[in-house]
Amino acid sequence: MNLKEYKSKKMNDPEFAKAYEEIQPEMNVIRAIIDARISQNITQKELAERTGIAQTEISKLENGTRNPSLQRLADGMDMVLNISFTPKAGVGK
């Protein structure tokens, strides 16, 4: 069984599905950090040098074991940090 099949099977468990959905905003931030770094063609080490955040901490941010210092990361990649809140479908209507 591959990862995609395993996830599909686990998503049938309502408790698992709820927990998975709850972490999606955090996972989206992590994915955005990784994508931004890669789009700048810089390594974790280079980002660490630009931000003053240890490379080990950058790694922990990217693997989800540390909370990110988002503005410092954005500054280190010479990017503007944009965060938006979008209503969930069907909520408040």
Grouping I, L, V, M, F, W and Y whenever their side-chain heavy atoms are under 4.5 Å apart, do Ile34 and Leu73 come out in a common cluster?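 No, it is not one cluster - the side chains of Ile34 and Leu73 are not joined through contacts under 4.5 Å.
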Leu81 with Val29, same ILVMFWY side-chain cluster at under 4.5 Å: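 Same cluster.
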Would you call Met79 and Gln40 a side-chain contact if the rule is heavy atoms closer than 4.5 Å?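 A side-chain contact exists here, since the closest heavy-atom pair is under 4.5 Å.
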Are Thr51 and Asp75 close enough that some pair of their side-chain heavy atoms sits under 4.5 Å apart?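 The answer is no, as the side chains (C-beta and beyond) never meet within the 4.5 Å cut-off.
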Which heavy atom of Ala54 sits nearest a heavy atom of Ala48, and at what distance?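 It is C-CB, 3.9 Å.
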Mind jotting down which residue pairs meet the side-chain hydrogen bond (donor to acceptor under 3.5 Å, both in side chains) criterion with at least one end in residues 6-16? Sequence neighbours excluded, please.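 Of all non-adjacent pairs touching residues 6-16, those that pass side-chain hydrogen bond (donor to acceptor under 3.5 Å, both in side chains) are Lys7-Tyr20.
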One thing to verify: whether Lys60 and Glu57 come together as a salt bridge, which I'm taking to mean a side-chain N less than 4.0 angstrom from a carboxylate O.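 Salt bridge present between Glu57 and Lys60.
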Is Arg37 paired with Glu46 through a side-chain N to carboxylate O contact shorter than 4.0 Å?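 Salt bridge flag = no for Arg37 with Glu46.
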Rounded to the nearest 0.5 Å, how far does CD1 of Ile42 lie from CE of Met77?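 The CE atom of Met77 sits 6.0 Å away from the CD1 atom of Ile42.
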Mind checking the CG-CD1 spacing from Asp35 to Ile30? Nearest 0.5 Å is all I need.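 It is 12.0 Å, given to the nearest 0.5 Å.
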Flag if over 12 foreign heavy atoms under 6.0 Å of CG, Asn41: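 No.
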Should we say atom CG of Asp78 is surrounded by more than 12 heavy atoms from elsewhere, each under 6.0 Å from it?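 No, because the 6.0 Å sphere around CG of Asp78 holds 12 heavy atoms or fewer from other groups.
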With Ile58, which of Ile33, Asn63, Leu47, Thr43 fulfils side-chain contact (heavy atoms from CB on, under 4.5 Å)?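 Testing each of Ile33, Asn63, Leu47, Thr43 against Ile58, the sole residue satisfying side-chain contact (heavy atoms from CB on, under 4.5 Å) is Leu47.
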